[in-house]
Structures are given as structure tokens and as C-alpha cells.
Novice: 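The structure that follows is given in the form of C-alpha cells.
All heavy atoms count here, side chains included; hydrogens, waters and symmetry mates do not. Position 1 is the first residue of the sequence, and the numbers go up from there.
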Amino acid sequence: MTFWTDLTKLSKAQLGETAWWLRWYRLHRGDLAGLVYEDTGTDPIDGRAWAAFQPWYAGHGYLFAFRQGGGQSTQTIALQGLVADARYRLTNVRTGVALGTFAGAQLERGVPLTLARPYSAEVLTITLS
């Protein structure tokens, strides 16, 4: 793990969130160690465009979506590596809320995500249904 800030200066709430994500990563690091698709068409290095990364392992994975400093609050992210006629369930990692079950072909065309605030993120699980 690399952090770009001094963790000793985080608030109690920020420390709690950081600890939650570190525990989650420890439990799922095997699934995150392989292939990763980059799911946006623009280079996110500018700090303004959305960035979306899709670690993929053994037919399942995650979608890490980041709204940086610019762009619209809703972005359609086309997923990759899916089986067109298979069904996939999308679930928010942090809240456990299911977004629904979709055909692979539908997700390859794109799933709309809304992040109301700049500099926010969402992580979804993508599992066979």
C-alpha cells in the first residue's frame, strides 16, 4: 500500500474508513493481484476525468470508479471480459447494497454510475449470478 498523505493527520472518521478499506483489501488481495482493465477512454492523469479500473480474476471482479475534479456526476462505464449471455450481480462493496443483476452484454455496453461530489469513489463487486 502506498499513501500520499500523512495518516497521523487523519480525523477519527477518516482513520475508521481507512482501517475498513485496509481490512477489505487484506481479505480480497488475491482477487486484485491479476489482470486489471482500464474502463475509461480518457487518461485520468489530468486529475479531472473519471477513472475506472476493473480487476478481473476467474470470471469475477470489481469495479473501482473515481470521479476526480471534473466531469459530469454520472458516467457510463463499459465493463470488459464478461460472457455476453451470462448474468452478473453488481453490489456496492462498502454498503452491501445490490445494484441489480445484468446480462454481460448489457454491462459491456455500460453501467451508469453517479458520484454526486467531485473527488469521490465507488467500488462494486461483479459476480456471476
Novice: Linking I/L/V/M/F/W/Y whenever their side-chain heavy atoms sit closer than 4.5 Å, directly or via other members, would Leu107 and Leu35 fall into one cluster?
Specialist: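 Linked, Leu107 and Leu35 end up in one cluster.
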
Novice: Identify the heavy atoms of Thr91 and Gly96 that sit nearest to each other, and give their distance.
Specialist: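 So the minimum-distance heavy-atom pair works out to CG2-O, 3.5 Å.
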
Novice: Which heavy atom of Leu124 sits nearest to which heavy atom of Asn92, and what is that distance?
Specialist: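 It is CD2-CA, 3.8 Å.
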
Novice: Which side chain to side chain donor-acceptor pair (under 3.5 Å) pairs, counting each pair once, include a residue from residues 97-111, with sequence neighbours left out?
Specialist: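 Counting only pairs at least two positions apart or across chains, no side chain to side chain donor-acceptor pair (under 3.5 Å) contact touches residues 97-111.
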
Novice: Honestly curious: do Tyr37 and Phe53 fall in one hydrophobic cluster under the side-chain, below-4.5 Å linking rule?
Specialist: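 Looking at the clustering, Phe53 is in a separate group from Tyr37.
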
Novice: Please list, chain by chain and in numerical order, all residues satisfying side-chain hydrogen bond (donor to acceptor under 3.5 Å, both in side chains) with Thr5, sequence neighbours excluded.
Specialist: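 Per chain and number, Thr5 pairs via side-chain hydrogen bond (donor to acceptor under 3.5 Å, both in side chains) with no residue.
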
Novice: Scan residues 110-128 for pairs that pass salt bridge (Lys or Arg N to Asp or Glu O under 4.0 Å), counting only residues two or more places apart or in two chains.
Specialist: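 As it turns out, there is no salt bridge (Lys or Arg N to Asp or Glu O under 4.0 Å) pair with a partner in residues 110-128 once direct neighbours are skipped.
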
Novice: Apply side chain to side chain contact (heavy atoms under 4.5 Å, CB included) to residues Leu63 and Leu90 and explain how you reach the verdict.
Specialist: CA-CA 9 Å; Leu63 174 61; Leu90 300 183; over 6 Å; no

Novice: Keeping to residues at least two apart or across chains, list the ring pair (Phe, Tyr, Trp, His ring centres under 6.0 Å) pairs with something in residues 87-129.
Specialist: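 Every candidate ring pair (Phe, Tyr, Trp, His ring centres under 6.0 Å) pair involving residues 87-129 fails, so no pair, neighbours aside, qualifies.
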
Novice: Kindly say whether Thr40 contributes a backbone atom to a donor-acceptor pair with the side chain of Glu38 at under 3.5 angstrom?
Specialist: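 Yes.
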
Novice: Can you tell me which residue pairs pass the salt bridge (Lys or Arg N to Asp or Glu O under 4.0 Å) test with a partner in residues 72-91, sequence neighbours excluded?
Specialist: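 As it turns out, there is no salt bridge (Lys or Arg N to Asp or Glu O under 4.0 Å) pair with a partner in residues 72-91 once direct neighbours are skipped.
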
Novice: Working to the nearest 0.5 Å, report the span between CD of Gln54 and CD1 of Ile126.
Specialist: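 So the gap between those two atoms works out to 4.5 Å.
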
Novice: Any idea which heavy atoms bring Ala65 and Leu113 closest together, and the distance?
Specialist: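 Scanning both residues completely, I find the closest heavy atoms to be CB-CD1, 3.6 Å.
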
Novice: Kindly write out the residues that satisfy side-chain hydrogen bond (donor to acceptor under 3.5 Å, both in side chains) with Thr18, not counting sequence neighbours, or none if the list is empty.
Specialist: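 If we apply the side-chain hydrogen bond (donor to acceptor under 3.5 Å, both in side chains) test to Thr18, skipping adjacent residues, there are no hits.
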
Novice: State plainly whether one hydrophobic cluster holds both Val111 and Val123, where clusters connect Ile, Leu, Val, Met, Phe, Trp and Tyr through side-chain heavy atoms under 4.5 angstrom apart.
Specialist: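 No, Val111 does not connect to Val123 through the hydrophobic network.
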
Novice: Take atom OH in Tyr57; do more than 12 heavy atoms of anything else shown fall under 6.0 Å from it?
Specialist: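 Counting neighbours around OH of Tyr57, 12 or fewer heavy atoms of other residues, nucleotides or ligands fall under 6.0 Å, so no.
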
Novice: Are Val93 and Leu99 connected into the same hydrophobic cluster when the rule is that any two of I, L, V, M, F, W, Y join if their side-chain heavy atoms are below 4.5 Å apart?
Specialist: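 No, no single cluster joins them.
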
Novice: Any side chain to side chain donor-acceptor pair (under 3.5 Å) pairs touching residues 73-84, not counting sequence neighbours?
Specialist: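 Only Asp39-Gln80, Thr74-Thr114 qualify under side chain to side chain donor-acceptor pair (under 3.5 Å).
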
Novice: If hydrophobic clusters are built from ILVMFWY residues whose side chains come within less than 4.5 Å, do Trp20 and Leu27 share one?
Specialist: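 Shared cluster, no.
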
Novice: Which ILVMFWY residues are connected to Val97, directly or by a chain of links, through side-chain heavy atoms under 4.5 Å apart?
Specialist: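 Besides Val97, the cluster holds no residue at all.
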
Novice: Which donor-acceptor pairs under 3.5 Å do side chains of residues 42-50 form with protein atoms, sequence neighbours excluded?
Specialist:
from	atom 1	to	atom 2	distance (Å)
Asp43	OD1	Ile45	N	3.0
Asp46	OD1	Arg48	N	2.8
Asp46	OD1	Ala49	N	3.0
Arg48	NH1	Gly69	O	3.4
Trp50	NE1	Gln72	O	3.0

Novice: Applying salt bridge (Lys or Arg N to Asp or Glu O under 4.0 Å) as the test, list every pair that has at least one member in residues 13-34; sequence neighbours left out.
Specialist: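 Residue pairs with at least one partner in residues 13-34: Glu17-Arg94.
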
Novice: Please identify each residue that fulfils side-chain hydrogen bond (donor to acceptor under 3.5 Å, both in side chains) with Thr125, with sequence neighbours left out.
Specialist: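 Expected list: none.
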
Novice: If a pair satisfies ring pair (Phe, Tyr, Trp, His ring centres under 6.0 Å) and one of its residues is in residues 59-78, list it, with sequence neighbours excluded.
Specialist: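 Checked against ring pair (Phe, Tyr, Trp, His ring centres under 6.0 Å) - neighbours excluded - the pairs reaching residues 59-78 are Trp24-Tyr62, His28-Tyr62.
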
